[in-house]
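One structure is given below, encoded as structure tokens.
Bear in mind that the values here come from a model prediction, so they are computed numbers and not experimental data. Throughout, protein chains are lettered first and strands after them, A, B, ... in sequence-line order, and every chain is numbered starting at 1.
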Number of protein chains: 2
Amino acid sequence: MDTDDLGKDRVPRKRRKMQRITMADVAKLAKVSPSTVSLYLRKPDAVSPAAGREIARAIDHLGYVPNLVAGGLAAASSRVVSIIVPSIRNAFFAETVSALQAELTSEGLQVLLGHTEYDKEQEEALVRTALSWAPAAIVLTGLSHSRDTRKLLKAGGIPVLEMWELGGDPLDMAVGFLHPRVGASAAEHLLSKRRRNLAFLGARMQEDHRAAQRAEGFEEACRKGQAASWSVINHPGAATVEAGAILLNRSLQQNPQLDGIACSNDWIALGILFECQRLGVAIPDAISVVGFGDLDFSASCIPSLTTIRPSGDLIGKEAARLILSRIRAAAPPLPAIIDTGHVLIERCSS
Amino acid sequence: MDTDDLGKDRVPRKRRKMQRITMADVAKLAKVSPSTVSLYLRKPDAVSPAAGREIARAIDHLGYVPNLVAGGLAAASSRVVSIIVPSIRNAFFAETVSALQAELTSEGLQVLLGHTEYDKEQEEALVRTALSWAPAAIVLTGLSHSRDTRKLLKAGGIPVLEMWELGGDPLDMAVGFLHPRVGASAAEHLLSKRRRNLAFLGARMQEDHRAAQRAEGFEEACRKGQAASWSVINHPGAATVEAGAILLNRSLQQNPQLDGIACSNDWIALGILFECQRLGVAIPDAISVVGFGDLDFSASCIPSLTTIRPSGDLIGKEAARLILSRIRAAAPPLPAIIDTGHVLIERCSS
DNA sequence: GTGAAAGCGCTAACAC
DNA sequence: GTGTTAGCGCTTTCAC
């Protein structure tokens, strides 16, 4: 049947985009109906071995690539998971996204990524576009979002997972840990080392509200513990090695008695290590330092860094597990809130 | 007309997924046709102000979110750009992806992300799924891909951009720099510092073939220059601070005369700095060190690190520029190959 | 400027 | 097990 039945549709509306090979082409070549091809693609065992073989041959021969957009439309849900993080340049989130992605990809899900740069409005815009893709699930960072973001998400009817924070009221599922507890652990550790004049050095805490929570937990523990003095100092810029040096100098100036420092992350801690070396301040003799993150360098620097590991990797894995089970089961697998906890790793800097 | 014509289709096939608000709903409420709503959404100026106002009100009132999946299907191209990198945990690529994403998002494009873990087969699988989304463009890392990947991409008919490498034969557009030149620059710099016994210390070079290219350029320059001896040492694992320490020890063992080191990246260089401090080897007096990457810490470590900056950020921006102009113009903006070059930043480690 | 109509390529009942 | 049939929600001619 290579002649047209009616002559109409003879001339394509427009030179066809690219004469994409469709499922119908495969079906024709394999001498089956399109729906059989579709079925084969989704459940190979549901079609007869003979038909399956023909279809496989046809697919291979034509170089057919299924159109997931069409599939997503027909199925009313795309095999995409939208992930929104503050920044992927941040090693913490990169680790989580990486783990999440690895797990999801292996189950045939794609990852649509967005970053907010710690801006709630940007987050809202991203959520809006994310929803436009009818994603299978959506992953956000933190529990605090704009009113409209929450509204959109609640109305969306798709699984939502919030990560890297616990303690508030999640929209749906949550995987993370309690940041105030991290700050408290740092303070308690320093106190246990007989440090009495403490400081929490953080960066960008006006925006990074999880870092601010760690600072609060730190202060709380100081208040309850035997600290003689304590303070929280914020660097408005990014949390870098350089910020660490700046913060150390400011804190030393403010309190020359300083003998214990908790940092909002390991980059800052590393900056402090270097700056102390420059200033001739002995670590941990004169000052004990505790970081946060347990980054790649933390075990290998000099002195090696005592730090608190949040396990971004585990967060990603658990998040993926929850999402997958939700997608598969439709039924929520119960109080889907997972505390991944944190671990203080004692090394030489304290 | 709220009665059905035939009674059939009375009961929805299934309880409707979520009674999604569609363009038709908006149209009905605004008392215009769906196509007018569609037009308004894409070119607000093309509809009358009155209609526009009504439509805007309806959208707002109903909380309508366009379905990009349906749009993508109808338009035969989705507003998605697929980006495939070896790993986002690598600061280099994270920087590029971040820049790329920022630029693309501001133009209304989404980013679909994949990572290969330096595996060509995985890359092929990712390209395949990426194509399933009929993306507006696809971004790959490097110029070397499997036969099938190249075939798929050439048949795909969509803009392809390869980044982070130049010198080969790009499929379409390319933004990057010449890795051998980077290795050569490092060697030349060390030679100019009267270093004669050199080594290139790299990690994962069996997979990271761009690092291998840097090593080759390094050797070539040693051969042509006045080097007395040189070698290339590879650590099979990831390029971490720890790998740096291991590599330093191996190279020192192999050649105690060693007085100049080029690293495949700054993490390794940092590891060398720390290990030298441990061993009591003076930098740069006994050994000069050159890194690659100019990462966050490179200017602030002790001693500050002489390094070569490739500018992942610039690569991302240029890539975005090329993609956007291609998408807008359809016509290739000609020799779409951009060399972002590299800069040697001399600091204290050499 | 606006609307009617015809798909985009696929999935999912349902009947055979 | 396989084919038929309706859409999924939108874009895009094309006529008015």
Side-chain angles (χ1 to χ4, degrees), chain A residues 6 8-9 11-28 30-55 59 62 64-79 131-134, chain B residues 4 6 8-28 30-55 59 62 64-79 131-134:
Chain A
L6 273 165
K8 69 152 188 170
D9 208 81
V11 180
R13 298 160 149 292
K14 197 179 176 179
R15 231 170 323 133
R16 273 222 190 70
K17 264 267 141 92
M18 215 352 124
Q19 198 67 287
R20 203 185 213 285
I21 291 153
T22 72
M23 195 176 259
D25 298 324
V26 174
K28 199 178 294 173
K31 299 200 196 322
V32 294
S33 78
S35 55
T36 306
V37 178
S38 171
L39 188 61
Y40 169 78
L41 253 23
R42 278 166 303 114
K43 312 182 177 162
D45 299 333
V47 307
S48 69
R53 233 175 296 122
E54 281 306 303
I55 294 170
I59 287 175
L62 296 170
Y64 169 67
V65 178
N67 183 333
L68 258 33
V69 179
L73 179 58
S77 121
S78 61
R79 304 212 27 93
L131 286 174
S132 303
W133 285 98
Chain B
D4 269 326
L6 273 165
K8 69 153 188 169
D9 208 81
R10 234 295 136 65
V11 179
R13 297 160 153 292
K14 196 177 178 179
R15 228 171 327 133
R16 274 223 189 69
K17 265 267 141 97
M18 213 355 121
Q19 199 67 287
R20 201 186 215 286
I21 291 155
T22 72
M23 196 176 261
D25 299 325
V26 175
K28 199 177 294 171
K31 299 200 197 323
V32 294
S33 78
S35 49
T36 305
V37 176
S38 171
L39 188 61
Y40 170 76
L41 252 24
R42 279 166 302 111
K43 312 182 177 161
D45 299 332
V47 307
S48 69
R53 232 174 296 122
E54 280 306 302
I55 294 170
I59 287 176
L62 296 169
Y64 169 67
V65 177
N67 183 332
L68 260 30
V69 179
L73 179 57
S77 127
S78 61
R79 302 210 32 91
L131 286 175
S132 302
W133 284 98

Can you check the K28(A) NZ to dG9(C) P distance for me, whole Å?
-> 13 Å
Phosphate contact (dT12(D) OP1 or OP2) by R42(B) side-chain N/O below 4.0 Å = yes
Does S132(B) use its side chain to pair, donor to acceptor, with the backbone of P66(A) at less than 3.5 Å?
-> yes
Give the rounded distance in Å between these two atoms: CG of N67(A) and P of dC10(C).
-> 6 Å
Among the candidates dC8(C), dT11(C), dT2(D), find the nucleotide nearest to the side-chain atoms of T36(A).
-> dT2(D)
L68(A) near the nucleic acid: base, sugar-phosphate alone, or nothing, with a heavy-atom cut-off under 4.0 Å?
-> nothing
Assign S35(B) to base, sugar-phosphate, or nothing according to its heavy-atom contacts below 4.0 angstrom with the strands shown.
-> base
Quick one: I21(A) CD1 to dC8(C) C1', roughly how many Å, whole number?
-> 16 Å
Length of the line joining M23(A):CE and dA12(C):C1', which is rounded to integer Å | 12 Å
Could you grab the distance from atom CG of N67(A) to atom CE of M23(A), nearest 0.5 Å is fine?
-> 9.5 Å
What nucleotide, of dG7(D), dA12(C), dG9(D), holds the atom closest to the side chain of A74(A)?
-> dG7(D)
Checking all strands, does P34(A) fall into the base, sugar-phosphate, or nothing category for heavy-atom contacts under 4.0 angstrom?
-> nothing
Has the side chain of S38(A) got a donor or acceptor that lies under 3.5 Å from a partner of the other kind on the base of dA12(C)?
-> no
Of the listed nucleotides dG1(C), dG7(D), dC10(D), the one nearest the side chain of T22(B) = dC10(D)
Using whole Å, report how far NZ of K31(A) lies from C1' of dT2(D).
-> 16 Å
Atom-to-atom span, CG of L41(B) to P of dT11(D) - whole angstrom | 7 Å
Assign Y40(A) to base, sugar-phosphate, or nothing according to its heavy-atom contacts below 4.0 angstrom with the strands shown.
-> nothing
Only counting residues at least two apart or in another chain, list the ones meeting side chain to side chain contact (heavy atoms under 4.5 Å, CB included) with T36(B).
-> V32(B), S33(B), V47(B), I55(B)
Heavy-atom side-chain proximity of R79(A) to L68(A) below 4.5 angstrom | no
Round to a whole Å and report the spacing from CH2 of W133(B) to P of dC10(C).
-> 13 Å
With side chains defined as the heavy atoms from C-beta onward, is the minimum distance between D25(A) and Y64(A) less than 4.5 Å?
-> no
May I ask you to say what V32(B) touches in the nucleic acid, namely base, sugar-phosphate or nothing, with a heavy-atom cut-off under 4.0 Å?
-> sugar-phosphate
Return the value, rounded to whole Å, for the distance between atom CZ of R79(B) and atom P of dT11(D).
-> 11 Å
Between dT2(C), dC10(C), dT11(C), spot the one nearest the side chain of V47(B), thanks.
-> dT2(C)
Given that L73(B) and S33(B) both sit by DNA chain C, which one's nearest nucleotide is further toward the 5' end?
-> S33(B)
